[in-house]
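For reference, the structure discussed in these notes is given below.
All values below were derived from every heavy atom in this structure, side-chain atoms included, with hydrogens, water molecules and symmetry-related copies excluded.
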Amino acid sequence: MARRAPLAGVPCVLHFLAQPRRTRPSTPTAGYQRRHLATPPPQVKHSDLSAHLYHQYADATMDTMLESLEALLDEVADPEYEVEYSSGVLTLKLGSKGTYVINKQPPNKQIWLSSPFSGPKRYDYVPEQDEWVYGRDGRSLNDLLNRELSEALERNVDLGLTGVSTQVS
């Protein structure tokens, strides 16, 4: 007896139905490798600043940063470079070198940085150092910005963001 050719498309359906059924693992981590983070966990104790004190320190830091950056860009005199500050968000445009965005995060009592060189970071105020410090590496916002901007602008940069509590007016 001659075999008939199957109908078009039927073998695929039958093949699909004949496959063993896949089931979900019994626990969320079963069958998965544990993910290891590229950076260590935070090493700095988060500050218990009051909301009022957070705003005073963050505003003073942002104001000092804006004044320092405006003076620096006036010295550099490159028309592609620009700094703007509005509604707690500071934007520093360095032409083809990229753009920094630095903003207040009141719900977390942090200052957030997005750098074209080192990426995103979240800074907490650390009273013992009187600076905004990134908890994963212990470096201050002042140190990172001074280093990156010195390299990008090929000159020594000091934004003067240390002694945060002394900057409050």
* **4.5 Å side-chain heavy-atom contact, Trp132 and Val164** =>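 Sidechains of Val164 and Trp132: in contact.
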[X] side, atom [atom1]; [Y] side, atom [atom2] - distance, nearest 0.5 Å:
{"X": "Tyr123", "Y": "Ile111", "atom1": "OH", "atom2": "CD1", "value": "10.0 Å"}
{"X": "Ser50", "Y": "His55", "atom1": "OG", "atom2": "NE2", "value": "9.5 Å"}
{"X": "Asp143", "Y": "Leu161", "atom1": "CG", "atom2": "CG", "value": "9.5 Å"}
{"X": "Arg147", "Y": "Phe117", "atom1": "CZ", "atom2": "CZ", "value": "10.5 Å"}

* Could you walk me through whether Leu141 and Glu131 pass the side-chain contact (heavy atoms from CB on, under 4.5 Å) test, one step at a time? => CA-CA 8 Å; Leu141 175 64; Glu131 288 191 79; over 6 Å; no
Quick one: closest heavy-atom pair of [X] and [Y], and the distance?
{"X": "Ile102", "Y": "Met62", "value": "O-CE, 3.3 Å"}
{"X": "Pro116", "Y": "Gly98", "value": "CB-CA, 3.8 Å"}
{"X": "Tyr54", "Y": "Leu49", "value": "CA-CD1, 3.8 Å"}

* Answer with yes or no whether the side chains of Thr162 and Asn142 bring together a donor and an acceptor at under 3.5 Å. =>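 On atom types as modelled, these side chains do not qualify, holding no pair under 3.5 Å.
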* Asked: Looking just at side-chain N and O atoms, do Tyr134 and Asp124 make a donor-acceptor pair shorter than 3.5 Å?
  ->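 Looking only at side-chain atoms, Asp124 and Tyr134 do not form any donor-acceptor pair under 3.5 Å.
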* Would Asp59 and Lys104 pass as an ion pair if we require N to O under 4.0 Å? ->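 A salt bridge links Asp59 with Lys104.
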* To do: Could you pull out all residues at least two apart from Ser118 that satisfy side-chain hydrogen bond (donor to acceptor under 3.5 Å, both in side chains)?
  =>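 Partners of Ser118 under the side-chain hydrogen bond (donor to acceptor under 3.5 Å, both in side chains) test: Ser115, Glu148.
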Would a hydrophobic clustering, with Ile, Leu, Val, Met, Phe, Trp and Tyr connected at side-chain separations under 4.5 Å, put [X] with [Y]?
{"X": "Leu92", "Y": "Val89", "value": "no"}
{"X": "Leu72", "Y": "Leu94", "value": "yes"}
{"X": "Val101", "Y": "Leu153", "value": "no"}

* side-chain contact (heavy atoms from CB on, under 4.5 Å) assessment of Leu53 paired with Tyr125 -> CA-CA 10 Å; Leu53 203 52; Tyr125 176 74; over 6 Å; no
Please output the side-chain donor-acceptor pairs of residues 75-88 that fall under 3.5 Å, not counting sequence neighbours, one pair per line with the distance.
unit_1 : atom_1 : unit_2 : atom_2 : d
Glu75  : OE1    : Arg155 : NH1    : 3.3
Asp78  : OD1    : Glu80  : N      : 2.8
Tyr81  : OH     : Lys97  : NZ     : 3.3

List the atom pairs, donor and acceptor, that lie under 3.5 Å between side-chain atoms in residues 64-71 and the rest of the protein, sequence neighbours left out.
unit_1 : atom_1 : unit_2 : atom_2 : d
Thr64  : OG1    : Ala60  : O      : 2.9
Thr64  : OG1    : Gln167 : OE1    : 3.1
Ser68  : OG     : Thr64  : O      : 3.0
Ser68  : OG     : Leu159 : O      : 2.8

* **Identified side-chain contact (heavy atoms from CB on, under 4.5 Å) counterpart of Leu149 within the set Asp158, Leu144, Val157** =>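 Testing each of Asp158, Leu144, Val157 against Leu149, the sole residue satisfying side-chain contact (heavy atoms from CB on, under 4.5 Å) is Val157.
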